[in-house]
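Remarks on the structure that follows.
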Protein chains: 2
Amino acid sequence: MKIVEALAAIPLFQGMNSEQLQKLALIVADQRYSRGQAIFAEGDAGVGFYVVISGKVKIFKLSSEGKEQILHVFGSGEPFAEAAVFAGSCFPAHAMALETSRIFFFPRLKFTLLIQENPALAMNMMAALSMRLKKFASLIESLSLKEVPGRLAVHLLLLAEEQERDEVRLDLTKSHLASLLGTIPETLSRILTKMTKADMIATNGPSITLLNRDALEALASGEERL
Amino acid sequence: MKIVEALAAIPLFQGMNSEQLQKLALIVADQRYSRGQAIFAEGDAGVGFYVVISGKVKIFKLSSEGKEQILHVFGSGEPFAEAAVFAGSCFPAHAMALETSRIFFFPRLKFTLLIQENPALAMNMMAALSMRLKKFASLIESLSLKEVPGRLAVHLLLLAEEQERDEVRLDLTKSHLASLLGTIPETLSRILTKMTKADMIATNGPSITLLNRDALEALASGEERL
DNA sequence: CGAATCCTTGAGTTCCCTCAAGAGAAGTGG
DNA sequence: CCACTTCTCTTGAGGGAACTCAAGGATTCG
């Protein structure tokens, strides 16, 4: 797919005319990454930002013992590391491709010039940053106020909403899901077992069927425990 | 203090000329809050954003059992709830004045008009949002990867850096600090006692003296435990 | 069919939260 | 100025959730 076409499909660049997209295309670096390949490391200089064109990318923090906390998983059309552009400092986390991915890189300086002559782009950018902040606020809330079963319940209910069905497909391995929920695979596994025994869900490989929404919602809100 | 003067002192509005500040002043609502007064609640419509002129404000999430997780504490010159302006939805957390405070409110629609004709303001706004994201990333890392003593050590070292001395003054009650660290006052109190017994710190009311930076840094990085 | 990765289950331990109660500090009002 | 309330901080005992370590089973993929 050509660069301009790919750009036009990115939500961040909606509302831009074709002339502006052409200009954008001139500054893009079109990159490929394979599964497991690092895109940048925490502490690297933030000289620009990225947009996932295809594939999947995880953004994560590492503890000194190697435990990882996933902050986000991004798919097609989603920008990441935008904050580095404006904070003008180094990346606060690691980024790695979860599968073979095509990624556009936008260099900081050239991009800031474009943004200044393009209010629509600026507004989109602020909207993107704001949505990101809201997501972080929810994650923080979950991590500090809810136990793991509650976090899992929230996640499952969100997935069911997104996919508009009760049989949900995890688009992540269970290990990654554990990391996203701020826990470890063993704990996640045990909780899935418990939920199954309590007839809240039925699992079948990467597919989970929600059997009792009320019970899950009670867990999600912290009213009930497993 | 007059509104325009106050505006000129706000980092977010640096680089704006006096004509632009005048325009800004026209849309500001100058508000006062007393200690403990709610500014907005989670879920309220986000019809604008705020800047603290004087006093102190906490932004926090509540669990269903009433435990609170502080996301930020803002002081003079700092904007808050900016995300609501661009995400165009409701506030994702609660806001309350911690002491008598003067606060400027900027209504969403009028402010977005100003921002679109003012690239410098847009850039400042994006920088502010980006810094906020980085802070959140650190908080998430702390909450999920570090034990409470580690989080406290990080916080103390940061305070010492900000205040440029080893005798640090807490600008929060210990209960609030506990909430900011994602724990409860009892746990914080015990850890302070332990740190004191280990000769890492000396406490004297709201003042804490750092006696052994190396030990604190070892805790902060997770190499060592209490 | 092996090799690698991912998932599950068990046993033991640790951290921190809950509940409870008392001590200290601070502000109010008589 | 002192008793009073109120808020904050501290300390103790107990329990539970989740992590560590370890090993076996399942799945995928070349």
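Naming: A, B, ... by sequence-line order, numbering from 1 per chain. Computed over heavy atoms, backbone and side chain alike; hydrogens, waters and symmetry mates excluded. A quick note: this is a predicted structure, and the numbers were derived from the prediction, not measured.
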Note to self: Taking side chain to side chain donor-acceptor pair (under 3.5 Å) as the definition, give me every residue that meets it alongside B:Thr173, ordered by chain and number, with sequence neighbours left out.
What the structure shows: B:His176
Note to self: I need the CG-C1' distance between A:Leu98 and C:dT5, as an integer number of Å.
What the structure shows: 15 Å
Name the atoms and distances for all side-chain donor-acceptor pairs under 3.5 Å in residues 218-226 of chain B, with sequence neighbours left out.
unit_1	atom_1	unit_2	atom_2	d
B:Ser221	OG	B:Glu217	O	3.2
B:Ser221	OG	B:Ala218	O	3.2
B:Ser221	OG	B:Glu223	OE2	3.0
B:Arg225	NH2	B:Glu147	OE2	3.0

Next item on the list: Mind calculating the distance between CG (A:Leu145) and C1' (C:dT18) to the nearest angstrom?
Entry: 16 Å
Note to self: Please determine whether a side-chain nitrogen or oxygen atom of B:Thr193 lies at a distance below 4.0 Å from atom OP1 or OP2 of D:dT11.
What the structure shows: yes
Margin query: According to side chain to side chain donor-acceptor pair (under 3.5 Å), who are the partners of A:Gln14, at least two apart in sequence or on a separate chain?
Written below: none
Next item on the list: Give the rounded distance in Å between these two atoms: CD of B:Glu147 and P of C:dT14.
Entry: 11 Å
Next item on the list: Determine, for B:Glu99 against B:Arg35, whether the closest basic-nitrogen to carboxylate-oxygen distance falls under 4.0 angstrom.
Entry: no
Next item on the list: With sequence neighbours left out, write down each residue that passes salt bridge (charged side-chain N to carboxylate O under 4.0 Å, His left out) with B:Asp166, or none if nothing qualifies.
Entry: B:Arg213
Compile the donor-acceptor pairs under 3.5 Å between side chains in residues 184-194 of chain A and protein atoms, sequence neighbours left out, one pair per line.
unit_1	atom_1	unit_2	atom_2	d
A:Thr193	OG1	A:Ser189	O	2.9

Notebook entry, point to check: What is the distance from CG of B:Leu152 to P of D:dC9, rounded to the nearest Å?
Noted result: 14 Å
Note to self: Suppose we screen for side chain to side chain donor-acceptor pair (under 3.5 Å). Which residues come up paired with B:Glu42, at least two apart in sequence or across chains?
What the structure shows: B:Lys61
Margin query: Suppose we screen for salt bridge (charged side-chain N to carboxylate O under 4.0 Å, His left out). Which residues come up paired with B:Arg132, at least two apart in sequence or across chains?
Written below: B:Glu82
Next item on the list: Please report, rounded to the nearest Å, how far the P atom of C:dT9 is from the CG atom of A:Leu188.
Entry: 12 Å
Next item on the list: Scan B:Pro206 against the nucleic acid and name what it touches under 4.0 Å (heavy atoms): base, sugar-phosphate only, or nothing.
Entry: nothing
Note to self: We want to know whether A:Lys134 and B:Ser89 form a side-chain donor-acceptor pair, criterion being a heavy-atom distance below 3.5 angstrom.
What the structure shows: yes
Notebook entry, point to check: Among D:dC9, C:dC7, D:dA17, which is the nearest nucleotide to the side chain of A:Thr173?
Noted result: C:dC7
Checklist line | d(NE2, B:His176; P, D:dC7) in whole Å | finding: 13 Å
Checklist line | Residues forming a side chain to side chain donor-acceptor pair (under 3.5 Å) with B:Ser144, sequence neighbours excluded | finding: A:Gln69
Checklist line | Set of residues satisfying ring-ring contact (aromatic ring centres under 6.0 Å, His included) with respect to B:Tyr50, sequence neighbours excluded | finding: B:Phe40, B:Phe80, B:Phe105
Check: Taking five pairs at each end of the helix from C:dC7-D:dG24 to C:dG30-D:dC1, what angle separates the two helix axes (nearest 10°)?
Finding: 40°
Item checked: Nucleotide nearest B:Arg35 when distance is taken to its side chain, options D:dT8, C:dT8, D:dA18 -> D:dT8
Next item on the list: Using atom CG of A:Leu143 as one end and atom C1' of D:dA18 as the other, report the distance to the nearest whole Å.
Entry: 14 Å
Margin query: Strictly under 4.0 angstrom, non-hydrogen atoms only: write out the protein contact profile of nucleotides 19-30 of chain D, one letter per nucleotide from the 5' end, B, S or -.
Written below: SBBB--------
Margin query: Distance check needed: D:dT10 C1' versus B:Lys197 NZ, whole Å only.
Written below: 11 Å
Can you pull every protein N or O that's under 3.5 Å from an N or O on nucleotides 22-25 of chain C?
none

Margin query: Could you report the tightest heavy-atom contact between A:Leu211 and A:Asp199, atom names first, then the distance?
Written below: CB-O, 3.5 Å
